[in-house]
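Let me begin by presenting the structure, written as structure tokens, before commenting on it.
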Amino acid sequence: NLYIQATSRAPIFTDSLQLQTANQWQPANTPGRCNLQADALHTFSPSGSTAAECVLEAAKFTNFAFQVQVSIVQGNTAGLVFRADSLGHKQYLLGITTSGRYMLALTTKSSGSQPHVLASGISSVINQGLNHFNQLTIIARDSTLYLYINGQFITQVNDGTYSSGSIGLYSVDPHGTATEAVFDYLCIWSV
């Protein structure tokens, strides 16, 4: 299947997301922080804000498989950003919640920070609750987006709004609660 084909090749980009990595992760259009620590990259947003988004602007990707492990420490949602512009206005988001929900969405400059949901639902493959790791994978091939969680196919969506851009990581709580998420073992493969 597509997942095995994509992830069995040598990656074109890897990042352990630990303090010693040279990659530059920066906050993008959010009040949150990005902290590379000894164990992983942590995203933080203060109480009363909406999100923390960390973007790697140095590299742009078009057709790829993007995979990372995430654990939500505080708040309720975390995930991937891909095909993003440098301001965080135009991008796709793949997120999971502590209650087992997933969402694939996009934001546009006209929608501001409000995402337009392309697919969502509940999945039993999501490890629910705080402090549980989940592996998120998005395969973006032209206008088709394939979503995998913990190695299991969830859904696919056809949307050609954005064809390339930066990657990133985010945490959010729609109720304005402070957030923290931990990300590690990031890999990108060409597809």
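Taking the six-membered ring for Trp and thresholds of 30 and 60 degrees, Phe82 and Phe64 have ring planes more than 60 degrees apart, a perpendicular arrangement.
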| For Phe61 and Phe66, what are the C-alpha separation, side-chain angles and deciding distance, and is it a ring pair (Phe, Tyr, Trp, His ring centres under 6.0 Å)? | CA-CA 10 Å; Phe61 300 95; Phe66 173 17; 7.9 Å; no

| request: List the steps and the verdict of side chain to side chain contact (heavy atoms under 4.5 Å, CB included) for Thr107 and Leu93. | output: CA-CA 8 Å; Thr107 61; Leu93 304 166; 4.1 Å; yes

| Worked verdict on Trp25 versus Asp15 for side-chain hydrogen bond (donor to acceptor under 3.5 Å, both in side chains) | CA-CA 11 Å; Trp25 293 90; Asp15 193 331; 3.0 Å; yes

| task | Decide side chain to side chain contact (heavy atoms under 4.5 Å, CB included) for Val68 and Leu80; before the verdict, give the C-alpha distance in whole Å, the side-chain angles of both, and the deciding distance to 0.1 Å. | result | CA-CA 8 Å; Val68 73; Leu80 310 176; 3.0 Å; yes

| query | Under the side-chain hydrogen bond (donor to acceptor under 3.5 Å, both in side chains) criterion, do Gln67 and Tyr3 qualify, and how do the steps go? | reply | CA-CA 11 Å; Gln67 183 175 85; Tyr3 178 84; 3.1 Å; yes

| request: Begin from the C-alpha positions of Ser171 and Glu180 and carry the test side chain to side chain contact (heavy atoms under 4.5 Å, CB included) through to its verdict. | output: CA-CA 7 Å; Ser171 59; Glu180 179 183 358; over 6 Å; no

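Within the model, atoms OG of Ser47 and CD of Gln74 stand 8.5 Å from one another, a figure rounded to the nearest 0.5 Å. Remark: Ser99 OG to Ile122 CD1 distance equals 7.0 Å, nearest 0.5 Å. Summarising the geometry, atom CG belonging to Leu36 is positioned 8.5 Å from atom OG belonging to Ser16; distances are rounded to the nearest 0.5 Å. Interatomic distance, Gln156 CD to Asn158 CG, rounded to the nearest 0.5 Å: 6.0 Å. Annotation: the span from Asn76 atom CG to Thr177 atom OG1 amounts to 7.5 Å, rounded to 0.5 Å. Atom-to-atom distance recorded for Tyr92:OH and Arg83:CZ is 6.0 Å, nearest 0.5 angstrom.
Geometrically, Arg33 engages Phe44 in a cation-pi contact defined by less than 6.0 Å to the ring centre and at most 45° from the axis.
Between Leu106 and Val117, every side-chain heavy-atom pair lies at or beyond the 4.5 Å cut-off. Counting only heavy atoms from C-beta outward, the side chains of Thr97 and Gln128 never approach each other to under 4.5 Å. Within the 4.5 Å cutoff, the side chain of Thr137 has no heavy atoms near those of the Phe153 side chain. Between Gln69 and Phe183 the shortest side-chain heavy-atom distance does not fall below 4.5 Å. Side-chain contact between Gln91 and Glu53 is present, with at least one heavy-atom pair separated by less than 4.5 Å. In this structure the side chain of Asp39 reaches within 4.5 angstrom of the side chain of His42, judged on heavy atoms. Counting only heavy atoms from C-beta outward, the side chains of Ile149 and Gln152 never approach each other to under 4.5 Å. Residues Ser120 and Arg101 meet the side-chain proximity criterion, which asks for heavy atoms closer than 4.5 Å.
Between Ser45 and Thr179, the side chains place a donor N or O and an acceptor N or O closer than 3.5 Å (distance only, hydrogens not considered). Using modelled atom types and a 3.5 Å distance limit, the side chains of Ser71 and Asn131 yield no donor-acceptor pair.
Residue Tyr148 forms a side chain to side chain contact (heavy atoms under 4.5 Å, CB included) with just one option from Val125, Thr155, Thr7, Ile139, and that option is Ile139. The side chain to side chain contact (heavy atoms under 4.5 Å, CB included) with Phe133 is formed by just one residue from the set Val70, Asn127, Asn150, Val182; it is Val182.
The hydrophobic cluster containing Ile96 does not contain Tyr146, counting ILVMFWY residues as joined when their side-chain heavy atoms lie under 4.5 angstrom apart, directly or transitively. Placement of Leu136 and Ile126 within a single hydrophobic cluster is found when ILVMFWY residues are connected by side-chain heavy-atom separations under 4.5 Å, directly or transitively. Placement of Ile138 and Leu41 within a single hydrophobic cluster is found when ILVMFWY residues are connected by side-chain heavy-atom separations under 4.5 Å, directly or transitively. Residues Leu147 and Ile188 are members of one and the same hydrophobic cluster, defined by side-chain heavy-atom contacts under 4.5 angstrom among Ile, Leu, Val, Met, Phe, Trp and Tyr. Cluster annotation: Leu145 and Leu94 are assigned to the same hydrophobic cluster (Ile/Leu/Val/Met/Phe/Trp/Tyr, side-chain heavy-atom contacts under 4.5 Å, transitive).
Formation of a donor-acceptor pair under 3.5 Å by the Asp85 side chain with backbone atoms of Lys90 is found in this model. Checking side-chain atoms of Asp142 against main-chain N and O of Thr144 turns up no donor-acceptor pair under 3.5 Å.
Across all non-hydrogen atoms, the minimal contact from Ser123 to Ile154 is OG-CD1, 3.6 Å.
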